[in-house]
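Read the numbers this way: they start at 1 and go in the same order the structure lists the ligands and their atoms.
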Amino acid sequence: MEEQARLLSSMLFNKHRQVEVALNRSVLAWKEMERRRKRSSGVISNSAETAHSHAVQVCEIVAVLDTKEDQDNAETRRSQKKAKQHSQLYPHAFTVSYVRRTRRHQWRCSDVTFHSASEGLCERWIQVINEQLSLIASRPKSLLVYINPFGGKQRGRRIYEQKVAPLFGRAGISADVIVTERANHARDHLKTEANLDKYDGVVCVGGDGMFSEILHGLVTRFQTDNGVDQNQPDAEMVPCSLRIGIIPAGSTDCICFATVGTNDPVTSALHIIVGDSQPMDVCSVHHDDIFLRYSVSLLGYGFYGDVLTDSERKRWLGPARYDLSGVKTFLSHNYYEGTISFLPAENNMGDPRDKLQCRSGCGICQHEPSSTGTQWEMSEEKEKSDKGGSSGWSAIRGKFIAINAASMSCACPRSPKGLSPSAHLADGTTDLILVRKCSRLDFLRHLVRHTNKEDQFDHSFVEVHRVRKFRFQPRHHELVSLEDPIESPKKTGFSPICSAQTTCNYSTCHSSWSCDGEILPNAAIQVSVQCQLIRLFARGIEEQQQCLLEDPCTLWAVEPSTH
Ligand SMILES: CCCCCCCCCCCCC/C=C/[C@@H](O)[C@H](COP(=O)(O)O)NC(=O)CCCCC
Ligand SMILES: Nc1ncnc2c1ncn2[C@@H]1O[C@H](COP(=O)(O)OP(=O)(O)O)[C@@H](O)[C@H]1O
Ligand SMILES: [Ca+2]
């Protein structure tokens, strides 16, 4: 940690022990005086929080508040006589609320209260800490919150009111809350009505489907306001300046899980409060040059499309609908024919099998969209110059059980490493996973590997490509010859378990695309990745060692500038 001058340093009391408290521009630290004397010959620990020395990054302070009389008295009531005397001697106090990391990427809000005999000193501490917090421009002050009361286990409203709103209140964030009354309420409100100038961000309380509504509302609003025609697949899109926060209250919560590392409402609320920012790729999906939808997580045809279609009929089951539909779809064991064409990403963009996971501060995602745009233009150039010959595009025709495009890992509680563990959140590419026709047992092996440490791509029937664009054409669109009738849907291995089809028509011989949990109306699609089109109130998944400050003791090394 770079040594910085202290802004403030005082002898205060915490839990009736004398502590030296010091603040510089980046760290608030405190250590017990008595214990320090006792361990003069001992080793000073390097960790962020030892028994004697504590440090909190200023950027992770949630709030500092004057500690009210009644809190003080409550503390006194709990303690013994000595403590009571102590609190009479030091009646003034302030409380710092800060982010504390717990297990599995979860954050909690902890409090530390410092007491003093001097009211003025406490006021000074509150003022100086607040001054430092106000310098953090990335922190939101005003938010627009949409709650889906019916997402997941229908706990969205309660989660917001009980876990999130109190934290926003403590951090001094004002929030306008809209509880949605119908599907697409949030999307439509954002598209046309909401006065976005009033807000520093939009918060979505719900699942991936609800996030998708917010995404569509915001992205469409920004394109409309800037005269961008979304029906043009090659239009240069305008990034959204408002960040989106996700309070997970859905069934899969993949977008939250893959960007934060957990689907925990309190953790998400704290990432919003500290003003995190995580850029994210968005795929635009078109059919015959008509805009269909945007996707940030999974575009899945075949298996995942069929699971979703079936699960929609079982919404009343809540999140369990996916398990039931998953088993049913697995047993159906359908495969689908078609041609997938794709424009591969440049070699320096890594490979879906390179085991380089996208983590907080990921180097691959650090490129500004403009620089990635340059590479993109090079690909476009290559594509144009090669027209008629062997272009940069590749095409694969085949029989597929699943075609998945994962623009991020798609990690979620069901699959903690995700569909494509090395996919990047903001690199301008999507990982195309092609699962060819195989036996049920092989497909089961492939699925099970999503839940353990084995490589789900290490099968002869699975291939994976990192791409910037792709197109899919189902076979029934390619073939019109009656001499080559198409059966539907195709079964592999055993005889059909679910309803057998004997004739083919458009509706039965194709699957559907699941687009972040919404069904697309067309099977033939064109997809382009729009690099870093949106930003979330998140920071990507933290490496474990990022959870510790380097050395809180460095703050003690410099002389105080203020007392
Ligand atoms: C034998 C064990 C097999 C386990 C396989 C697990 C593989 C799970 C990968 C899940 C990827 C999820 C990608 C995200 C999809 C969501 O957008 C979508 C909608 O979410 P929500 O709005 O919150 O409901 N969820 C799904 O499509 C669920 C897929 C479940 C598949 C079993
Ligand atoms: N008030 C509402 N009534 C009905 N549907 C809604 C409402 N608000 C949002 N939705 C829709 O509910 C769907 C599922 O929402 P989501 O929050 O993702 O829950 P889940 O993860 O359980 O699918 C979304 O497609 C969204 O458009
Ligand atoms: Ca990506």
Measure the distance from [atom] to every protein heavy atom, then report the residue, atom name and distance (to 0.1 Å) of the closest one.
| atom | value |
| --- | --- |
| atom 31 (C) of ligand 1 | Tyr304 CE2, 3.8 Å |
| atom 19 (O) of ligand 2 | Gly151 CA, 3.3 Å |
| atom 4 (C) of ligand 1 | Thr451 CG2, 4.0 Å |
| atom 23 (O) of ligand 1 | Thr252 N, 2.9 Å |

Inset, instruction - Would you please determine whether Gly152 falls within less than 4.0 Å of ligand 2 on a heavy-atom basis? - result: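 Distance cut 4.0 Å: Gly152 passes for ligand 2.
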
Inset, instruction - Look at the rings of Trp513 and Phe470 and say which category their plane angle falls in: under 30° parallel, 30 to 60° tilted, over 60° perpendicular. - result: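 Correct class here is tilted.
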
Inset, instruction - Report the part of Glu518 in contact with ligand 2, treating N, CA, C, O as backbone and CB onward as side chain, heavy atoms under 4.0 Å; options are side chain, backbone, both, neither. - result: side chain

Inset, instruction - Answer side chain, backbone, both or neither: which part of Glu312 comes under 4.0 Å from ligand 2, heavy atoms only. - result: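 It is neither part, as no heavy atom is under 4.0 Å.
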
Ignoring hydrogens, just give me the one of [options] whose non-hydrogen atom is nearest [atom].
| atom | options | value |
| --- | --- | --- |
| atom 18 (O) of ligand 2 | Gly209, Gly318, Pro319, Ala249 | Gly209 |
| atom 27 (O) of ligand 2 | Arg187, His216, Glu213, Arg315 | Glu213 |
| atom 9 (C) of ligand 2 | Ile147, Asn148, Val179, Asp516 | Asn148 |
| atom 20 (P) of ligand 2 | Gly207, Ser251, Ser311 | Ser251 |

Legend entry - Subset of ligand 1 atoms that lie under 4.0 Å from at least one heavy atom of Asp208: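 Once the distances to Asp208 are compared, the set is 16 (C), 17 (O), 20 (O), 21 (P), 22 (O), 23 (O).
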
Inset, instruction - Compare all side-chain heavy atoms of Leu299 with those of Tyr301 and state whether any distance is below 4.5 angstrom. - result: no

Inset, instruction - Have a look at ligand 1 and work out which part of Arg321, if any, has a heavy atom under 4.0 Å from it: side chain, backbone, both or neither. - result: side chain

Inset, instruction - Answer with yes or no whether Cys254 contacts ligand 1, where contact means a heavy atom under 4.0 Å from a ligand atom. - result: yes

Inset, instruction - Consider ligand 1: state whether an atom of it lies below 4.0 angstrom from any non-hydrogen atom of Arg445. - result: no

Legend entry - Residue-atom pairs from the protein, N, O or S only, that lie under 3.0 Å from the Ca ion (ligand 3):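 The answer, once waters are left aside, is Asp281 OD2, Ser407 O, His424 O, Asp427 OD1, Thr429 O.
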
